[in-house]
There are 2 protein chains.
Amino acid sequence: MKLAQKGLSIEGIQGHNRRAILAALHDMGECSRKEISVATGLDQATVTRAIAPLIDNGIVEEVGLVRGGRGRRSINLAFVGSGRYILCLRLQRRSFSIAAFNLRGDLLETNEFPIARDGSAKQTFKEISEILDRQIGNLKQVDGIGVAVPGPFLERDERVILMTESPQWQGFDLIPELRSRYPDIPVHSTHDAKAAALTEWRHHGRALGAKVMLYVSAGQGIGSALVVDGHVHRGAQGLAGELGHTSISVDGEQCKCGNRGCLELFTSRIALLRAIRERAGDVSGTTLTSDANFSQVLDAYAAEDRLASEEVHRVARYLAQGITNCINFVNPDLVVIGDEYAGFGQNFLEQIKTHVRATVLPSIYDAVDIELSQQSEDTVLRGAFLDVLAQTYLGSPRAEPEAVVAEASG
Amino acid sequence: MKLAQKGLSIEGIQGHNRRAILAALHDMGECSRKEISVATGLDQATVTRAIAPLIDNGIVEEVGLVRGGRGRRSINLAFVGSGRYILCLRLQRRSFSIAAFNLRGDLLETNEFPIARDGSAKQTFKEISEILDRQIGNLKQVDGIGVAVPGPFLERDERVILMTESPQWQGFDLIPELRSRYPDIPVHSTHDAKAAALTEWRHHGRALGAKVMLYVSAGQGIGSALVVDGHVHRGAQGLAGELGHTSISVDGEQCKCGNRGCLELFTSRIALLRAIRERAGDVSGTTLTSDANFSQVLDAYAAEDRLASEEVHRVARYLAQGITNCINFVNPDLVVIGDEYAGFGQNFLEQIKTHVRATVLPSIYDAVDIELSQQSEDTVLRGAFLDVLAQTYLGSPRAEPEAVVAEASG
DNA sequence: CACAGTTGATTGCAGGTCGCAAGCAAAACT
DNA sequence: AGTTTTGCTTGCGACCTGCAATCAACTGTG
């Protein structure tokens, strides 16, 4: 049967509980056995017994005593800080980045490397794998490699489709190539917006108790990812989240994707720059010229330049329409706007919120937070890390074990 | 901690496995202990031992021997056919229906009752509860009541919002009222499109192995529901699926919901009828008049009436745009179109598919089936039944226990 | 027609995990 | 210094599962 639920053997229960314990440890960061016991509902004794082999195997370690309480000090636990690592690769259009994390999630090292514009995929792959080789040599024990890929990314087949900006990758199967080069290391792949969303959820949404979080990645492209109860919605082929190719205008301009009036045509960086460049000469009171680039627009917007304001606010309105559509369709309680456009700041956010408020029913609007991402350079890389960690140590492949309430038997 | 996963005690494991077994029995319908053993991965002995108390408690029964095989005949099991029942109420704008199901999912009785147009909610509630009282009296053991409600339905608060067609319900809290009238019977509520989607998934999508199914309820309103791995996506407030209030035209007409260019303004039954009525006098070669009703349009469309064809096909195009947006956003592998518009038949479907094919990337289009619902009168009621059954017997509240793979301990 | 062969259901047994409760450890308070 | 408090650990009993043997019921065959 297709979707039959597996029963749980007496042996499986131990693994199940071990995963629950590790997930709790990951959720809470550094914490004591007692805290894990409370969080999981398991007996303290059970936690003690489960932790022991994890310490033996060098997955978890004791990181010191906690002072302050009344009685005995509790011993804080954490994932090991050294000895086991996860490498992450982020592929972008013009560059790639490689980062090393320990199991705790500390970013140990990150480097960005340019991709030669005329270089072949094969050449780039060679550069990537040389760096990975070196890292693996240094770190000794690498438990997994996480890869974040841009654009419409067929996760199911692990192929990138429609990567118009970098046609050289077309036909080069990065993930299988990595797998065959590192047969002993699990290689996991994700779409970069999904990775960023996972990070955003872990470091922000989770604390807010968001059940459904929509992450909107707005910049060069318009992507999105939906996080439901801590799980990224991937879609049947892993292609979910192509918000940019959602139409807000049935009779609009034809897009390369086949659709008409795609959100991306209104709001992508290219669209924004084109509009600004076209009007630069005709508008008075602007510092922007007909060859303005994005960082100039960011600055101009911050300086309340007239042209920048008008065009960025136009983008805000369209983006808000896309967000409204999502809100009505999937009913999130948190919307986070990330990627380059997060740089436009609070004023930009307020524009979006104003438009969303105007187009969404009050009882829905009141229940959804809309925020800017506090993103950093490593948001996507960290998402790739979280993906690998979840699949390696917490829960079953791409799906954590969910809460199962212990109950008295009937 | 908010979302900590619960560990599983030695007692809990029995409950967990019992739910897995019941879920398997429900999935496969009538089947033997052996088949359940294979489906769940549990030992035959464990299945035997788990089934025994279920038979004692009158939840499962043996329904006869299966002949045909080589060796001993297997004994088929099924949920009991009598003795325990689930009542379902479907609330519509002008009527309500009440149905009785046995645990096996057989529809024992269903009745529809009109709602007086000028009647108060209180009056209607009185009628509803009188009928429920009678049913409960007859059936003796009622394990749950499932309620399916139309329109934007705040599941979290169990309130209907924006029920413009039937303002009398505004401010009347149906579900709490039912709960307090039947304190011993669990009352569960759902949005009707979600209920229909669940039925569609159980009776069709599951067999196709669909991982992400989009159900589009097109008729008086345009609703939708997303089923991911057999679970309905409800959204933070349970409001997910308002596809009808998704915009396909940023600068379009203002909708009552606050948004502009809502899909519903283009495609709802009201919109379709209005367009047809307006043009009825001016178009030659049509049998439709300026007071045509929906069933006349259905007939005219089937008879290839010119006006009906034009307008229905226009609707198809807009609906296709909405579906394309969904496909790009959530990447389903199955789209099912239900409710009244399913009555337009294959020709209508082909129109939609043509438009979707034109607007979606080929590698995505090729991976998604678009079909009409084979719906019947009881689709929604049955969905309410499935909802109650799942929450009562299979899995934890609103989330079935997922596959947990037994593994050798490390 | 009896007997081997096959397959499903049941039962006895051994292994293993968990919770409870008692015991141990290490701090603060008095 | 002794008591109290709190967290970690260990001993014990209960319980569930899997394995394997057994029972049950049917088919096929010489």
Side-chain angles (χ1 to χ4, degrees), chain A residues 6-21 25 28 30-56 60-77 404-410, chain B residues 6-21 25 28 30-56 60-77 404-410:
Chain A
K6 284 282 157 54
L8 209 48
S9 76
I10 201 81
E11 278 175 14
I13 197 174
Q14 191 169 222
H16 183 271
N17 285 343
R18 186 183 61 236
R19 284 190 292 273
I21 287 169
L25 182 57
M28 300 191 288
E30 221 169 86
C31 66
S32 69
R33 289 168 174 84
K34 174 66 184 271
E35 290 171 282
I36 293 174
S37 163
V38 174
T40 58
L42 292 166
D43 194 278
Q44 277 193 46
T46 306
V47 175
T48 294
R49 284 185 284 243
I51 291 287
L54 292 171
I55 292 177
D56 289 345
V60 167
E61 62 186 356
E62 299 188 333
V63 293
L65 300 170
V66 179
R67 53 187 65 253
R70 238 179 164 53
R72 176 179 178 173
R73 288 175 182 168
S74 59
I75 306 165
N76 261 185
L77 302 168
V404 185
V405 183
E407 60 170 58
S409 77
Chain B
K6 283 282 156 53
L8 208 50
S9 76
I10 200 81
E11 277 175 14
I13 196 175
Q14 191 168 222
H16 183 270
N17 286 343
R18 185 184 61 235
R19 283 190 293 273
I21 287 169
L25 182 57
M28 300 192 289
E30 222 170 85
C31 66
S32 69
R33 290 169 174 83
K34 175 66 183 271
E35 290 171 283
I36 293 174
S37 162
V38 174
T40 58
L42 293 166
D43 195 279
Q44 278 192 45
T46 307
V47 175
T48 292
R49 283 185 284 242
I51 291 288
L54 292 171
I55 292 178
D56 288 348
V60 169
E61 62 186 354
E62 300 188 333
V63 292
L65 300 170
V66 179
R67 53 188 66 255
R70 237 179 166 52
R72 176 178 178 173
R73 289 177 182 166
S74 59
I75 306 164
N76 262 183
L77 302 168
V404 186
V405 184
E407 58 170 58
S409 77

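Chain naming here is simple, since letters A, B, ... match the order of the sequence lines and numbering starts at 1 in each. We use all heavy atoms of the structure for the numbers below, so side chains are in, but hydrogens, waters and symmetry mates are not. Remember, it's a predicted structure, so these values are computed and weren't measured experimentally.
If you take CD1 of A:Ile36 and P of D:dT6, they are 20 Å apart, rounded to a whole angstrom. Going from atom CG of A:Leu77 over to atom C1' of D:dG7 covers 12 Å, rounded to whole Å. Atom CG in A:Asn17 sits roughly 16 Å away from atom P in D:dC16 (whole-Å rounding). Summarising the geometry, the separation between CD1 on A:Ile13 and C1' on D:dC15 is reported as 11 Å, rounded to the nearest angstrom. A:Glu62 places its CD atom 12 Å from the C1' atom of D:dG7, with the value rounded to the nearest Å. In this structure, CD1 of A:Ile75 is placed 17 Å from P of D:dT6, rounded to the nearest angstrom. Atom CD1 in B:Ile55 sits roughly 13 Å away from atom C1' in C:dT10 (whole-Å rounding). Going from atom CD of A:Gln14 over to atom P of D:dC16 covers 18 Å, rounded to whole Å.
Remark: B:Gln44 is not in phosphate contact with C:dG8, judged by side-chain N or O atoms under 4.0 Å from OP1 or OP2. Checking the phosphate oxygens (OP1, OP2) of D:dT9, a side-chain nitrogen or oxygen of A:Thr48 falls inside 4.0 Å.
Position along DNA chain C of the nearest nucleotide to B:Arg70 versus A:Leu65 favours B:Arg70 as the more 5'-ward residue. Remark on DNA chain C: of its neighbouring residues A:Thr46 and B:Gly71, the 5'-side contact belongs to B:Gly71, judged by nearest-heavy-atom nucleotide.
Using a 4.0 Å heavy-atom cutoff across all strands shown, B:Arg73 reaches sugar-phosphate atoms only and no base atom. Nucleic acid contact class of B:Ser74 (heavy atoms, under 4.0 Å, all strands): sugar-phosphate only. Across all strands shown, A:Arg33 has heavy atoms under 4.0 Å from sugar-phosphate atoms exclusively, and none from any base.
The shortest distance between side-chain heavy atoms of B:Val47 and B:Lys34 does not fall below 4.5 Å. Inter-residue side-chain proximity for B:Arg73 and B:Val66 is flagged as unmet; no heavy-atom pair is nearer than 4.5 Å. Using a 4.5 Å heavy-atom threshold, the side chains of B:Leu25 and B:Cys31 count as touching.
Atom CD1 of B:Ile36 is separated from atom CG of B:Leu77 by 5.0 Å, given to the nearest 0.5 angstrom.
You'll find a donor-acceptor pair under 3.5 Å spanning the side chain of B:Arg49 and the base of D:dG18, going by distance alone.
Not one N or O on the side chain of A:Ser37 forms a donor-acceptor pair closer than 3.5 Å with the backbone of A:Arg33.
In this structure, the nucleotide among D:dT17, C:dA9, D:dG7 sitting nearest to the side chain of A:Arg72 is D:dG7. With C:dG19, D:dC19, D:dT17 as the choices, the nucleotide that has an atom nearest any side-chain atom of B:Asp43 turns out to be D:dC19. Of the candidates C:dA9, C:dC18, C:dA21, the closest approach to any side-chain atom of A:Ala45 belongs to C:dA21. You'll find that the side chain of A:Leu42 is closest to C:dG19, out of D:dT17, C:dA9, C:dG19.
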